[in-house]
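Quick notes on the structure that follows.
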Amino acid sequence: ISAAGNCSNISNVVEPVLQRNGGNIYYINLSQDSFKLGGSSFYQTQNKIGTETPTIKDAAFFKKAFNTLQELIKERKIKAGHDIGSGGLITTLLELCFSPLTPEGGTQIFEETGMKLNFDCFEEKDLVKILFSENIGVVVQPSNNEEFEAYLNENKVEFFNLGEVTNSGKLEFGTWNLDIASYRKTWFETSYLLDQKQ
């Protein structure tokens, strides 16, 4: 898919920064495909390529879901959001916890946020596929859960409520309890080393 679009209001921006006063964490699978690992960053770490890659199964759904989200953004009903890309859902979830706040004065600070999640809502039960497949999708945090769910149901856009934002500084799911600060340090080390060379 190749596309171009205009921005009608540059002040109305959805940033990848979780808000403690927002709603839950929602996943929308824009691809409408099953979770596949072919071509993923995860498979690269295993020296594999794979035979099945995710694709967009339903272009009409993609358009409908995209336009529905755009309307919610215009109405300022989305607090935070991030696309699914390289690294899959786990990378997106961590990045939402990594992003700093920049309050007035311009100094960036890290407010310790976290998430308490449950992936039982998915038909797929293989946690590796859920977390590392790179299906086109988005993770969003709405202002209000009930309004958000009602609007998506009205527009027939499938969504998954993954859980809630916490101030624990941990990404919690199942028996996993990932420390955000330590993963953030690892994540930014590559950028730091590259900056040194530049």
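Not measured: the values here are computed from a predicted model.
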- Task: Kindly determine whether V165 and N24 satisfy side chain to side chain contact (heavy atoms under 4.5 Å, CB included), including the steps that lead there.
- Result: CA-CA 6 Å; V165 177; N24 283 3; over 6 Å; no
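- Note on F66: it does not cluster hydrophobically with I78, by side-chain heavy-atom contacts below 4.5 Å among ILVMFWY residues.
- E52 contributes no side-chain N or O that, together with a main-chain N or O of G50, makes up a donor-acceptor pair within less than 3.5 Å.
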- Task: Could you walk me through whether I180 and L178 pass the side chain to side chain contact (heavy atoms under 4.5 Å, CB included) test, one step at a time?
- Result: CA-CA 6 Å; I180 300 299; L178 308 180; 5.6 Å; no
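- With hydrophobic clusters built from ILVMFWY side chains whose heavy atoms lie under 4.5 angstrom apart, I49 does not share a cluster with V128.
- Once rounded to the nearest 0.5 Å, the distance linking CZ of F98 with CG of L18 reads 11.5 Å.
- Every residue two or more places apart in sequence or in another chain that forms a ring-ring contact (aromatic ring centres under 6.0 Å, His included) with F159 is listed here: Y26.
- Closest of all the heavy-atom pairs between N29 and Q32 is O-NE2, 2.9 Å.
- In this structure, the side chain to side chain donor-acceptor pair (under 3.5 Å) partners of K36, at least two apart in sequence or on a different chain, are D33.
- In this structure, CD on Q141 lies 11.0 Å from CD on E164, to the nearest 0.5 angstrom.
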Using a 3.5 Å cut-off and no angle test, enumerate the donor-acceptor pairs between side-chain atoms of residues 53-65 and protein atoms at least two apart in sequence or in another chain.
{"residue": "D58", "atom": "OD1", "partner": "A60", "partner atom": "N", "Å": "3.1"}
{"residue": "D58", "atom": "OD1", "partner": "F61", "partner atom": "N", "Å": "3.0"}
{"residue": "K64", "atom": "NZ", "partner": "K156", "partner atom": "O", "Å": "3.2"}

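- Side-chain N or O atoms of E134 include none that pairs as donor or acceptor with a backbone N or O of S40 at under 3.5 Å.
- Atom OG1 of residue T166 and atom CG of residue L171 lie 8.5 Å apart, to the nearest 0.5 angstrom.
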- Message: I'd like to know whether L69 forms a side chain to side chain contact (heavy atoms under 4.5 Å, CB included) with V14, so could you lay out the CA-CA distance, the side-chain angles of the two residues, the decisive distance to 0.1 Å, and finally the verdict.
- Response: CA-CA 11 Å; L69 285 170; V14 174; over 6 Å; no
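- The number of heavy-atom neighbours closer than 6.0 Å to CD of E189, taken from other residues, nucleotides and ligands shown, is 12 or below.
- For the pair M115/C97, a side-chain contact is recorded, criterion being any heavy-atom separation below 4.5 Å from C-beta on.
- For the pair L72/L152, a side-chain contact is recorded, criterion being any heavy-atom separation below 4.5 Å from C-beta on.
- By the 4.5 Å heavy-atom criterion applied to side chains, N135 and I84 are not counted as neighbours.
- With contacts defined as side-chain heavy-atom distances shorter than 4.5 Å, the pair Q196/L194 does not qualify.
- Considering F173, F35, F160 in turn, F173 is the only one that fulfils the ring pair (Phe, Tyr, Trp, His ring centres under 6.0 Å) rule with F119.
- Within the 4.5 Å cutoff, no side-chain heavy atoms of N167 are placed close to those of T113.
- For the pair V140 and I25, the minimum side-chain heavy-atom distance is 4.5 Å or more.
- Applying the ring-ring contact (aromatic ring centres under 6.0 Å, His included) test to F132 and every residue at least two apart in sequence or in another chain returns F42.
- Note that CD1 of I73 and CZ of R76 are 11.0 Å apart. Values are rounded to the nearest 0.5 Å.
- Counting only residues at least two apart or on different chains, the side-chain hydrogen bond (donor to acceptor under 3.5 Å, both in side chains) pairs with a member in residues 80-96 are H82-E95.
- Every residue meeting the side chain to side chain contact (heavy atoms under 4.5 Å, CB included) condition with N177, not counting sequence neighbours, appears here in chain and number order: K170, E172.
- With contacts defined as side-chain heavy-atom distances shorter than 4.5 Å, the pair E158/I28 does not qualify.
- Here K116 contributes atom NZ and L162 contributes atom CG; the two are 15.0 Å apart, rounded to the nearest 0.5 Å.
- Distance check, rounded to the nearest 0.5 Å: OG1 of T68 to CG of N155 gives 4.0 Å.
- Nearest heavy-atom pair, I10 versus V13, reported as atom, atom and distance to 0.1 Å: O-CG2, 3.2 Å.
- Side chain of K79 to backbone of E15: no donor-acceptor contact under 3.5 angstrom is found.
- Counting only heavy atoms from C-beta outward, the side chains of I130 and S133 never approach each other to under 4.5 Å.
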